[in-house]
Asker: 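Got a structure for you, questions after.
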2 protein chains.
Amino acid sequence: MEITLRQIRAFLAIVQLRSFTRAAAMLHLSQPALTVQIRNLEAALGVRLLDRDNRAVEVTRVGLELVPVLQRTIGDLDAALVDLREIGAGRRGTVRVAALPSFAASLLPEVIVTCRRANPALAFVVRDAIASQVVAMVRSEDVDLGITGGVVADAELDVLHETTDQLCLVFQEAHPIGRKRRIGLRDLVDLPLVLTNPGTSVRDVIDAALMTIGRTPTVACEVTYMMSAVAMVRAGLGVTVLPRSARETRVERGIRARAIDDPAFARPVVLVKKKGRTLPPASLAFRDACIAAMRRALRS
Amino acid sequence: MEITLRQIRAFLAIVQLRSFTRAAAMLHLSQPALTVQIRNLEAALGVRLLDRDNRAVEVTRVGLELVPVLQRTIGDLDAALVDLREIGAGRRGTVRVAALPSFAASLLPEVIVTCRRANPALAFVVRDAIASQVVAMVRSEDVDLGITGGVVADAELDVLHETTDQLCLVFQEAHPIGRKRRIGLRDLVDLPLVLTNPGTSVRDVIDAALMTIGRTPTVACEVTYMMSAVAMVRAGLGVTVLPRSARETRVERGIRARAIDDPAFARPVVLVKKKGRTLPPASLAFRDACIAAMRRALRS
DNA sequence: GATCTCCATAAAGCCGCTCTATCGCGGCGA
DNA sequence: TCGCCGCGATAGAGCGGCTTTATGGAGATC
């Protein structure tokens, strides 16, 4: 016969209450059930644990040695399982997400605040990186979720949500282009551009868009961070193109941002996870909040 | 649904082997049984623990957190239960015994040596004390077994074995009484006696025996320890009466011991335990060895 | 494209647990 | 001293769940 948790719990209850009858009541069992449980436990262990007669229950010396061990063990186990249920309910746990810097600085903060308001015990790990690294981190399971741009055609990834991020031309307030009614692809030709490095998702979109009309961008300056690009623009070095979601298009003084009215200037944005992996419960709520925020921020 | 040890063991086996099929083989179960076990465990916890598809099993991030906790807990539990089985088999544990000093110095050493030869991991606690204290320690369960003299008529004690210890007259080699063919009760009258204190079992026997012929002992000296009594005898202070089992009657030079040929000079010896209490397994073997030794040493 | 592997599912059978009913025994009150 | 009460043990019936066999389906391999 194998030992079961039920038997152990029964034993501990009887030791605590010094009575089969009372322990049975506490465990919502009949008294004969407990008798059988203890009999089976003793048989399985080959040791008498309780000396019982018609009026009293006493713990054997051997049983007494076992009690603290069992109490500690069962206590640890129960504590771990309670913790786990918390995690399972999404009330605790860590959300790991990789995102392009533009999203890490715009979309994510509000989503995280929303989630933490609902479940203050949640922890978040945000890895901001360029598109290829975001995909790599999702694939290697360093993170559970990834928010990245471009078209993801990876058999190892699931696309949970897909939307587009309109690109904006960012220029000095005084720049003549601000007077045009609409800004199109051809307006960018020959305009000195401050661009992010090749390989970033925005740069890829721009290069591809200009390629469709047989042109290449006129690069005034290449920078790594959008923040730097904006500073260049403000200094009068040229204009730049940034995603509408980017925080930099909103908070900077002396510059303006206008959507580029061309379907090619919409950057795909996807929320991805690794195919075949279950999201931790905490990440489920985060995912939903992300999708909601993406709808709100990028479609409006 | 309640969590069971079987489910936990199944989970750990699958995690270890990364395969339901192989884990099933290891646990001597069919593979569907494991599938159901894991399904029930996950349902009970409300968390997905294993990501499994048609070719691979991966532990969920949540499951991975649980693994070390479960391993430690189950390991502790199993270790405790293995220990307990050792104790149950009488291979480990502590034997607690109270005994009159005469037995603690004569009978017990050989019994303990015998037991330890069979099970070297056994530990022994010997409390040597006078009869009333031996009984008290058994009643209060300070010890599991007691070896004492006199008649025990205590409803709270079980007599496991009963025998008698012949009393001997101990005298100087040159003492005239050594020339008698047999030594009887009346030979003790008027003989200066070195006696142990009133209340000890041997003294009680002597007093009671002389009382039957209306006499009281002629006390040359009262001592506490038998060893002292023997020393007094050797110094020529008188003769003394010691149980035949006592070590002192054998090892001392210059003195002799002769049985007293009178039924009153047989001290009852009993092996007792507390009624209603189960002896620890280790004590069972000890009890049997004691009984065997008592037969050998006292009846022969 | 056939086969093999591996996990999931379905249905049946069996084992064990629990429950109700009852007994036995010791304590306690009248 | 007798009878009641309390408590644990036992017996037998019923039910639930676990396990097993058989089978399905999807992906990998050759």
Side-chain angles (χ1 to χ4, degrees), chain A residues 1-45 48-60 63 139 154-158 274-278, chain B residues 1-45 48-60 63 139 154-158 274-278:
Chain A
M1 172 87 48
E2 200 163 334
I3 289 153
T4 68
L5 286 178
R6 289 181 71 81
Q7 290 166 356
I8 295 174
R9 290 188 208 280
F11 173 61
L12 290 178
I14 294 169
V15 170
Q16 187 190 332
L17 298 176
R18 294 291 151 121
S19 158
F20 279 61
T21 305
R22 288 200 297 278
M26 190 176 89
L27 298 173
H28 307 296
L29 277 174
S30 69
Q31 168 262 315
L34 273 196
T35 296
V36 173
Q37 293 274 19
I38 295 299
R39 186 198 312 165
N40 290 343
L41 179 59
E42 288 178 335
L45 295 174
R48 192 170 179 83
L49 297 173
L50 298 171
D51 274 331
R52 44 205 188 272
D53 57 23
N54 297 329
R55 66 192 172 293
V57 177
E58 286 292 328
V59 189
T60 296
R139 290 185 54 157
D154 192 320
E156 288 201 41
L157 299 188
D158 275 341
K274 179 155 171 115
K275 199 184 204 82
R277 300 317 310 266
T278 306
Chain B
M1 170 87 47
E2 200 163 334
I3 289 155
T4 68
L5 285 178
R6 287 181 74 80
Q7 290 165 356
I8 295 174
R9 289 189 209 279
F11 173 61
L12 290 178
I14 294 170
V15 169
Q16 187 189 332
L17 297 175
R18 294 291 152 121
S19 156
F20 279 62
T21 305
R22 287 199 297 278
M26 190 176 88
L27 298 173
H28 306 296
L29 278 175
S30 69
Q31 167 264 314
L34 273 196
T35 297
V36 173
Q37 294 272 21
I38 296 299
R39 187 198 310 168
N40 289 342
L41 179 60
E42 288 178 334
L45 295 174
R48 191 169 180 84
L49 297 174
L50 297 170
D51 274 330
R52 43 207 189 270
D53 58 21
N54 297 328
R55 66 193 173 293
V57 176
E58 286 292 326
V59 189
T60 297
R139 290 185 54 157
D154 191 319
E156 286 199 45
L157 297 187
D158 275 341
K274 181 160 171 107
K275 199 184 205 82
R277 299 316 312 266
T278 306

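Every chain is numbered from 1, with letters handed out A, B, ... down the list of sequences.
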Asker: Once you round it to whole Å, what is the distance between P of C:dC6 and CD of B:Gln31?
Answerer: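 Distance, rounded to whole Å: 10 Å.
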Asker: Can you pull out the residues from residues 13-28 of chain B that lie within a 4.0 Å heavy-atom distance of DNA chain C?
Answerer: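 Correct list: B:Ser19, B:Phe20, B:Thr21.
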Asker: Going by the side-chain hydrogen bond (donor to acceptor under 3.5 Å, both in side chains) test, which pairs reach into residues 27-38 of chain A, not counting sequence neighbours?
Answerer: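 Of all non-adjacent pairs touching residues 27-38 of chain A, those that pass side-chain hydrogen bond (donor to acceptor under 3.5 Å, both in side chains) are A:Gln31-A:Thr35.
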Asker: List the residues meeting side chain to side chain contact (heavy atoms under 4.5 Å, CB included) with A:Glu58, not counting sequence neighbours, and say none if there are none.
Answerer: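 Per chain and number, A:Glu58 pairs via side chain to side chain contact (heavy atoms under 4.5 Å, CB included) with A:Arg18, A:Asp51, B:Arg277.
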Asker: How bent is the helix from C:dG1-D:dC30 to C:dA30-D:dT1, measuring the angle between the end axes built from five pairs each, rounded to 10°?
Answerer: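 For the helix from C:dG1-D:dC30 to C:dA30-D:dT1, the axes at opposite ends meet at about 20°.
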Asker: Could you pull out all residues at least two apart from A:Asp158 that satisfy side chain to side chain donor-acceptor pair (under 3.5 Å)?
Answerer: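 If we apply the side chain to side chain donor-acceptor pair (under 3.5 Å) test to A:Asp158, skipping adjacent residues, the hits are A:Lys273, A:Lys275.
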Asker: Tell me what A:Ala33 touches on the nucleic acid: a base, only sugar-phosphate, or nothing, going by heavy atoms under 4.0 Å.
Answerer: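 The residue A:Ala33 makes sugar-phosphate contact but no base contact.
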Asker: Which pairs, with at least one residue in residues 21-35 of chain A and sequence neighbours excluded, count as a salt bridge (Lys or Arg N to Asp or Glu O under 4.0 Å)?
Answerer: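 Salt bridge (Lys or Arg N to Asp or Glu O under 4.0 Å) check on residues 21-35 of chain A returns no pairs.
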Asker: Tell me whether the side-chain N/O atoms of B:Arg52 come closer than 4.0 Å to OP1 or OP2 in C:dA8.
Answerer: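 For C:dA8, OP1/OP2 do have a side-chain N/O of B:Arg52 under 4.0 Å.
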Asker: Atom pairs under 3.5 Å, N or O on each side, protein against nucleotides 14-18 of chain D: can you list them with distances?
Answerer:
residue: D:dC18; atom: OP2; partner: B:Asn40; partner atom: ND2; Å: 3.3

Asker: Rounded off to whole Å, could you give me the CG-to-P distance for the A:Asp53 and C:dG26 pair?
Answerer: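 Rounded to whole Å, this separation is 8 Å.
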Asker: For A:Ile38 and D:dG8, give me the distance from atom CD1 to atom P, rounded to whole Å.
Answerer: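 Result: 11 Å.
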Asker: With sequence neighbours excluded, tell me which residues meet side chain to side chain contact (heavy atoms under 4.5 Å, CB included) with A:Val36.
Answerer: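 Side chain to side chain contact (heavy atoms under 4.5 Å, CB included) check on A:Val36 returns A:Arg39, A:Asn40.
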Asker: Please, which pairs that meet side-chain hydrogen bond (donor to acceptor under 3.5 Å, both in side chains) have at least one residue in residues 2-12 of chain A, sequence neighbours excluded?
Answerer: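 Sorted result for residues 2-12 of chain A: A:Glu2-B:Arg6, A:Arg6-B:Glu2, A:Arg9-A:Asp78.
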Asker: Do you know which two heavy atoms are closest between A:Ile38 and A:Ala10, and how far apart they sit?
Answerer: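 So the minimum-distance heavy-atom pair works out to CD1-C, 4.3 Å.
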Asker: With 3.5 Å as the limit, what N/O pairs link the protein to nucleotides 27-30 of chain D?
Answerer:
residue: D:dA28; atom: OP1; partner: B:Arg55; partner atom: NE; Å: 3.3

